[in-house]
Amino acid sequence: MNKKIIIRTLEKIALYMELKGENPFKVSAFRKAAQALELDQRSLDEIEDVTKLKGIGKGTGDVIVELIEKGKSTVLEELQAEVPSGLVPLLKLQGMGGKKLAKLYKELGIDSAEALKQACLDHQIQKLPGFGPKSEDKILKELTDFESKPGRHPIWKTEEAVRFIEDVLEKIEGVSEFSVAGSYRRTKETSKDLDFIVATAEPAKVKEELLAALPIQETIASGDTKVSVTVEFQDLIDIDFRLVAPEEFVTALHHFTGSKDHNVKLRQLAKSQNKKISEYGVEQEDGSVATFTSETDFYAHFGLPFIPPTVREDGREFDRLDDIPNLVALEDIRADLHMHTTWSDGAHSLKEMIEANRSRGYEYMVITDHSHYLKVANGLTPERLLAQNAEIRELNKQYSDIEVLSGTEMDILPDGSLDFNDEVLSQLDFVIASIHSSFQQPREQIMERILTAMKNPHVDMIAHPTGRIVGQRSGYDPDVEQLLDWAKEYGKIVELNASPYRLDLAVEYLEMAQEKGVPVAINTDAHAVNQLEVMAIGVRHAQKSWLKKDHVVNTWPLERLREYLKN
DNA sequence: GCCGTTTTCGGCCCGACTGTTTTCAGTCG
């Protein structure tokens, strides 16, 4: 029995229990059991007694054992006999929970989206106690939105909205401080909605100006301190604003940054210290409420070091506090190893790119334009590459504060060959190999191509190793574990491509790379000078993967990297 | 259902908002 199937079954049981109107704590016990299993790194065979795990007791333990031994769960089967499966997807409707759906099923026999819609149209819902005409309208609207609204927004889409809103808030008088919070602040790949914390002594005025400045499609909720709206950018996106008093800013920011699991853990810790955390402050034993001027102070109040938003996820961060000071940070970055110029498909010249890197304070950089196979990107022929190489060597003489290295982003062709021969490659300082074509090939063929690049002694790094676009395409589906094993064997670097479109490798694979001892480079793949800024996103993505500074090659001094590349 | 250096019962993070009520349940994050 697969561990993932067990985790999903426990979660499924929780869903059905919710629809049965079970005690919410019982429901969450099943979710916690699923999470306990998921967070344990061991395989099922390696766990001797599941009930030894915190969060798994007799009830959930029995379910797990039955699943392992018989491949089924009596508990789930009984629930499924009682609760129609058509209700499960309805839990996703905004404003609909287990209790309401249970009532609708019990009173009106509603067991599917169609039945729910019909009951609304027949005005059956408003007859029930606890429901009214507004409930009916809302459900109908939700049922329609359900199909059209995108579920989660990739980070490259939310970025635009965040910038826009930041500009708006910047201009509103009476706003003393503001920040984006939520999963965006934690640098998740995708976000369900955006959260902003706004500190102000004049909430009514600020709220009014804020709402007037946004392209609002719909107002979901509008209270004194909380405003939820659907805003029209590229897509429709839900945004929550919290208007708080200036002294509450830090605790509110922390609260709405989450994650939920992180907050629960911290609140439990606070409780053990006879303190109570809310978004307004920390209530002390004597009833007074402490507020803070920084999150660092806030954490220190509980005897904790500052925990960066990027690692506030499943609660395990509290067990890894000692690793936090070693996590890679933006100021550790000494170089960018992947960027393009007007020689191929970049927007800026060699000189402009060099100046932009200098002004970021980098100690070295690598120019890596595309190779000739990539005709749409005006890829360089061997002749042009060598000409560029010469120009870079010449330009480099002009700078004493930055070392400009000559490289390439060379295509791994569909037939598995490389776009430049060894003689050309041997003249470069840094060689990137990457796949830009024939993504649909079977995995074996993709892996063959990757292996060719791995075996070539001139290749130093594999760029965007899976070819994914966050929230849009999954890439060419390589066997990443195998890829990392090869990288280890052949001494290659794997890239963390910092472009918010890519963030490739993903978190789970970066964790795997670090475990296997495969070094990582965080690169922007910039095609214009302003794109060098995405290094910050890449570094946060790296933190999320718990990458330590020393594991990231572009935090190394150039001499150390050169030494490494020789091997 | 799970948990326990105040334990085997009584908590389980905490508060806002909505729509229904006429003081609160349900949902959400």
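Only this structure's heavy atoms are used, side chains among them; waters, hydrogens and symmetry mates stay out. None of the values given here were measured: they were computed from a predicted structure. The sequence lines fix the lettering, A, B, ..., with proteins before strands; numbering per chain opens at 1.
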Legend entry - A/L194 CG - B/dG29 C1' separation (whole Å): 14 Å

Inset, instruction - Describe the nucleic acid contact of A/G258 in one word from base, sugar-phosphate, nothing, applying a heavy-atom distance below 4.0 Å. - result: nothing

Inset, instruction - Return the value, rounded to whole Å, for the distance between atom NZ of A/K103 and atom P of B/dT20. - result: 11 Å

Inset, instruction - Taking atom C1' in both B/dT6 and B/dG1, compute the distance separating them and give it to the nearest angstrom. - result: 23 Å

Inset, instruction - Would you tell me if any nitrogen or oxygen in the side chain of A/Y280 comes within less than 4.0 Å of OP1 or OP2 on B/dC14? - result: no

Legend entry - Nearest-nucleotide pick for A/F25, side chain only, options being B/dC2, B/dC17, B/dC12: B/dC12

Legend entry - Nearest-Å distance for atom pair CZ/C1', residues A/R267 and B/dG11: 17 Å

Inset, instruction - Assign A/F30 to base, sugar-phosphate, or nothing according to its heavy-atom contacts below 4.0 angstrom with the strands shown. - result: sugar-phosphate

Inset, instruction - Output yes when at least one side-chain N/O atom of A/S28 is less than 4.0 Å from OP1 or OP2 of B/dC12, else no. - result: no

Legend entry - N/O (side chain, A/K271) to phosphate O (OP1/OP2, B/dC12) under 4.0 Å: yes

Legend entry - Side-chain touch A/L101/A/L19, heavy atoms, less than 4.5 angstrom: yes

Inset, instruction - Starting at atom CG of A/L15, determine the distance to atom P of B/dG1, rounded to an integer number of angstrom. - result: 17 Å

Legend entry - Residue whose nearest DNA chain B nucleotide is more 5′ - A/K58 or A/E136: A/K58

Inset, instruction - Indicate, with a heavy-atom threshold strictly under 4.0 Å, whether A/D224 touches base, sugar-phosphate, or nothing. - result: sugar-phosphate

Inset, instruction - Taking only the side-chain nitrogens and oxygens of A/K134, find out if one of them lies under 4.0 Å from OP1 or OP2 of B/dG19. - result: yes

Inset, instruction - Please examine the side chains of A/V83 and A/Y105, heavy atoms only from C-beta on, and report whether any two atoms are closer than 4.5 Å. - result: no

Inset, instruction - Looking at every strand, decide which applies to A/E22 at a 4.0 Å heavy-atom threshold: base, sugar-phosphate, or nothing. - result: nothing

Inset, instruction - On DNA chain B, check which nucleotide each of A/L91 and A/V27 is closest to and give me the residue with the more 5' one. - result: A/V27

Legend entry - Check: A/K207/A/S222 side-chain N/O donor and acceptor closer than 3.5 Å: yes

Legend entry - Spacing of the C1' atoms in B/dG11 and B/dA16 (rounded, Å): 23 Å

Inset, instruction - Using the P atoms only, state how far B/dT20 lies from B/dT27, rounded to an integer number of Å. - result: 13 Å

Legend entry - Any side-chain heavy-atom pair of A/R185 and A/L253 under 4.5 Å: yes

Inset, instruction - Taking atom C1' in both B/dT8 and B/dC13, compute the distance separating them and give it to the nearest angstrom. - result: 24 Å

Legend entry - Selected nucleotide, minimal atom distance to A/P133 side chain, candidates B/dC13, B/dT27, B/dT20: B/dT20

Inset, instruction - May I ask you to say what A/K276 touches in the nucleic acid, namely base, sugar-phosphate or nothing, with a heavy-atom cut-off under 4.0 Å? - result: sugar-phosphate

Inset, instruction - Both distances under 3.5 Å, Watson-Crick or G-U wobble: report the partner of B/dT8, or none. - result: none

Inset, instruction - For the side chain of A/V264, starting at C-beta, report the closest nucleotide among B/dC13, B/dG29, B/dT18. - result: B/dC13

Legend entry - Rounded interatomic separation in angstrom, taking CD from A/E218 and C1' from B/dT18: 13 Å

Inset, instruction - Report the nucleotide, chosen from B/dG1, B/dA16, B/dC13, that has the shortest atom-to-atom distance to any side-chain atom of A/R242. - result: B/dA16

Legend entry - Between P of B/dC13 and CZ of A/F318, the distance in whole Å: 14 Å

Legend entry - 4.5 Å side-chain heavy-atom contact, A/I277 and A/L266: yes

Legend entry - Nearest-neighbour nucleotide for the A/E279 side chain, B/dC13, B/dG1, B/dG15 considered: B/dG15

Inset, instruction - Please measure how far the C1' atom in B/dT23 lies from the corresponding atom in B/dG19, and state the result in whole Å. - result: 13 Å

Inset, instruction - Would you mind classifying the nucleic acid contact of A/L93 as base, sugar-phosphate or nothing, using non-hydrogen atoms under 4.0 angstrom? - result: sugar-phosphate

Inset, instruction - Verify the contact: side-chain N or O of A/S278 to OP1 or OP2 of B/dA16, cut-off strictly under 4.0 Å; return yes or no. - result: no

Inset, instruction - Using the P atoms only, state how far B/dG26 lies from B/dT21, rounded to an integer number of Å. - result: 13 Å

Legend entry - A/Q126-A/E136 side chain donor-acceptor pair, cut-off 3.5 Å: yes

Inset, instruction - Could you check which of B/dC13, B/dT20, B/dC3 has an atom nearest any side-chain atom of A/S135? - result: B/dT20

Inset, instruction - Please work out if A/T225 contacts a base, only the sugar-phosphate, or nothing of the nucleic acid, heavy-atom cut-off 4.0 Å. - result: sugar-phosphate

Inset, instruction - Return no unless some side-chain N or O of A/K192 is found under 4.0 Å from OP1 or OP2 of B/dG29. - result: yes

Inset, instruction - Can you spot which of A/F292, A/F306, A/F302, A/F298 makes a ring-ring contact (aromatic ring centres under 6.0 Å, His included) with A/H254? - result: A/F298

Inset, instruction - Consider the side chain of A/T60, meaning its heavy atoms from C-beta on, and name the nucleotide among B/dG26, B/dC17, B/dC2 that approaches it most closely. - result: B/dC2

Inset, instruction - Describe the nucleic acid contact of A/I56 in one word from base, sugar-phosphate, nothing, applying a heavy-atom distance below 4.0 Å. - result: sugar-phosphate

Legend entry - Side chain proximity check, A/D314 to A/E317, heavy atoms < 4.5 angstrom: yes

Legend entry - Rounded distance in Å - NZ (A/K32) to P (B/dC12): 11 Å

Legend entry - Touch class at under 4.0 angstrom, heavy-atom based, for A/K99 against every strand present: sugar-phosphate

Inset, instruction - Return the value, rounded to whole Å, for the distance between atom CD1 of A/I139 and atom C1' of B/dT18. - result: 13 Å

